[in-house]
Amino acid sequence: MSRFVGLDIGSSATKGALVCDGQVLRCVIVPSMPDMLAAARQAVAALEAGDAPVLTTGYGRALFEPRIAQVSEITALAAGIGRLHPEAKTVVDIGGQDSKVVRVAEGRVADFAMNDRCAAGTGRFLEVMSRVLHVPFDRFDQVAASDVAPLPVTSTCTVFAESEVVGLLSGQAPPAGILKGVMASISVRIAALARQVGLAAPVFATGGAMHSQALVAALSDALGMPVQVPEAPQTVTARGAAWLCAQRQSPNRSTGV
Amino acid sequence: MNPTGPRGLAANQRLQKTIRNQVLFTRAAKMLGRPVAWVTSGSPVEILLAAGIIPFYPENHAAICSARNMAADLSDVAEAEGYSRDLCSYFRIDRGAMVTQKTPLGRMVAPDVVLASNNICGTVQHWFSITARHFEVPFWFVDTPFTEASPSESDVAYVRDQLVELAEQAGRLGGRRVTEQRLSRVVARSREALVLWREVLATAAARPAPLTSFDAFVHMAPIVSMRGTRRAVRYYRHLLAEVSARRTSGTAAVPQERARVVWDNIAIWPAHRELKRAFKQAGVALVADTYTHAWTVEHLDPSDPFTSLARVYTDILLNHGALHRHKVLARMVREFGADGFILHSNRSCKRYSLGQLGVKRAVSDETGALGVVIEADMADPRAVSIEHLMQRLNPFFEALGGGT
Ligand code: SF4
């Protein structure tokens, strides 16, 4: 048995990865809502993994059976980035419901900090702003490319920030400036989180939001150092889970995570 | 593997009995005309005992209310009066209990006097003066200067003067003069119980640990609320015998102990059982904590009771700065062979929680152990989410080699 599945059942999307002899064969992404378990099953079916063993992670990780184990997203993220970019020292992940900063050493967690109390600084914040501004996420970069200066969005609470943005819009402020302000605001929140674990270069960023280059640039600005994005940033955690699955099933399992 | 592990401590039943007896004793003493004092956990209670005054501990009572699921209802009463939810939950619970007279201990015993010291926080100064006004009884107060680390000689002299005055007042109320001799006997008993308690906690340095802080959180009750009495000494002799036997026989509190961690701040009573279970399942032993280790025994000296009490009650962990707290925690990590440490950021207790991010960094740098900050409240279930706690603790356990 050399095929292994990692399943990252997140709050907004469920990501699956199938690996064989250490190589990634396939990755899939399906929306988690409204039924996380159905999404997880759908992801496994789409991977055409047969009866390959599954290791789960993410908010919904306890839902899916059968699985050989479940681990936290932090552990899976560290394993994923450690395999893809062994040189990485810090990973920032912006998820739908939380964001996290993990200091890694050879694929293992050296320290971590999470923000999951408050929507500010998470993907949820971007979703809300995208709706208020009527700019869908896939047009973020296009809109932010204009050279208007970013307008400060200072409220740290998503609900307050939403009214702040509505106020700016009603004052005829350009959406591009507001959008840049929004990106700067979330980046500052993440940078504060990063300082808790002691930021070390090189820094990588993962999560679907990293498809926006403007956001990556804002994050680099806030952190004061370049941020690299691995290919397919949304499935790094799922791939990490698949590699952990392989590692745990291997007969001469080392001191596993 | 036996998933539930060995049975819990046999002392659990003795503890229940000891607390029950203490409650009955307090009630009976009050009926026979002995004065009762409501006191803070850091009060120099030895002086009251020498004077024949019976202490009652609202903080301890609040913790018991929380463990019995009464915290939210009692806090509601205080909040309806206008006390903010941001105030210490022990205060809100106690306020609710004093207003409604509701208690899991049968009946509240009203105070004849109230005694507080600001060696644990400034909150208690206001809390206990509110109590004194409520019951229309005198408010006694001992001011202990906050110091970065050990108190200076002049700090000790300043507190000593107050204790001498306190002894005079207590003697008048209790009807028994507080002589050095009487006081020294009580101090000797306090010291004996504290030394035993320290030895109990030290057994957790063994691998595997025969008891964890989850046990210590519960079994510290007599140290807080019965120190200075024979009852406490007897209790800890039994407890020490039991945990020593467990250590000798290699009985593990956490079967399959795979990682060891220490804890900073007060326990999380509303999640006590869930957390205890989660740690056990993950193979993680909570081997020490700054809360149950908070007493400095070294200075208690029966041959010089006033000065030594002044020193002990000023040299309290919470009466010192973050730098000192970092040193205590780092030493604990080393002495107990811990791989990681948990900082409970306790919404109620600002004095305990301020500066924890800095402490985390400093302890990690010094010891190499992994730290994690978790947010909760010691007693208010509305500020505790087990899911939220596990969201932090699961990756922490996994990084230490524990976990499911
Ligand atoms: S929990 Fe903290 S704030 Fe509350 S009484 Fe104790 S020391 Fe003071």
Side-chain angles (χ1 to χ4, degrees), chain A residues 10-11 55-62 67-79 82 91 93 95 97-118 122 192-200 237 240-241 244 247-248 253-257, chain B residues 256 258-259 261 274 277-279 281-284 333 339-347 353-377 382-404:
Chain A
S11 62
L55 184 146
T56 61
T57 184
Y59 272 90
R61 62 180 178 268
R67 57 170 191 266
I68 63 140
Q70 50 165 317
V71 301
S72 68
E73 306 94 281
I74 304 263
T75 300
L77 174 64
V91 208
D93 182 85
Q97 211 63 254
D98 65 13
S99 49
K100 32 200 172 284
V101 179
V102 187
R103 205 146 48 67
V104 285
E106 290 151 18
R108 306 186 62 127
V109 177
D111 199 355
F112 68 94
M114 298 174 79
N115 161 27
D116 60 358
R117 264 265 150 122
C118 157
T122 73
L193 206 58
R195 274 192 289 275
Q196 279 183 30
V197 303
L199 193 57
T237 302
L244 283 175
Q247 189 182 324
R248 291 198 172 196
R253 177 186 167 189
S254 58
T255 56
V257 204
Chain B
Q256 321 257 324
R258 278 179 286 165
V261 299
E274 288 95 330
R277 197 178 316 125
F279 275 68
Q281 267 170 8
V284 178
V333 166
D339 318 285
F341 57 99
I342 297 170
L343 301 160
H344 165 208
S345 174
N346 181 352
R347 188 177 160 78
S353 308
L354 263 179
Q356 275 177 323
L357 284 180
V359 169
K360 172 179 179 243
R361 181 84 59 84
V363 174
S364 270
D365 287 351
E366 191 176 320
T367 63
L370 176 64
V372 67
V373 178
I374 55 176
E375 288 169 55
D377 188 275
R382 298 164 303 182
V384 178
S385 149
I386 188 78
E387 291 75 25
H388 180 82
L389 291 170
M390 294 319 297
Q391 194 67 23
R392 296 271 185 312
L393 290 175
N394 282 327
F396 175 70
F397 290 163
E398 288 164 8
L400 297 179
T404 42

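Below, read A as the first sequence line, B as the second, and so on, with proteins coming before strands; counting in each chain starts at 1. No hydrogens, no waters, no symmetry mates; every other heavy atom, side chains included, goes into these values.
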ask   = Does B:F279 have any ring pair (Phe, Tyr, Trp, His ring centres under 6.0 Å) partners at least two apart in sequence or in another chain, and if so, which?
value =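 Listed in chain order: B:F214, B:F397.
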query = Considering only heavy atoms, which portion of A:A110 lies under 4.5 Å from any heavy atom of chain B: side chain, backbone, both, or neither?
reply = backbone
query = Does any heavy atom of chain B fall under 4.5 Å from the side chain of A:R61, the backbone, both, or neither of them?
reply = side chain
Indicate every side-chain donor-acceptor pair of residues 366-374 of chain B with a distance under 3.5 Å to a residue at least two apart or in another chain.
from	atom 1	to	atom 2	distance (Å)
B:E366	OE1	B:H326	NE2	2.8
B:E366	OE2	B:R334	NH1	3.0
B:T367	OG1	B:V363	O	2.7
B:T367	OG1	B:A369	N	3.1

message = Looking at every heavy atom in both B:R392 and A:F112, which two are closest together, and how far apart are they?
response =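 Answer, listing the atom of B:R392 first, then A:F112: O-CZ, 3.3 Å.
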Smallest separation among heavy atoms of A:E73 and B:Q391, with atom names =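 Nearest heavy atoms, A:E73 then B:Q391: OE2-NE2, 3.5 Å.
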query = Distance-only, no hydrogens or angles: does the B:E398 side chain make a donor-acceptor pair with backbone N or O of A:S72 under 3.5 Å?
reply = yes
task = Side-chain contact test, heavy atoms from C-beta onward, threshold under 4.5 Å: evaluate it for A:D111 versus B:K360 and give yes or no.
result = yes
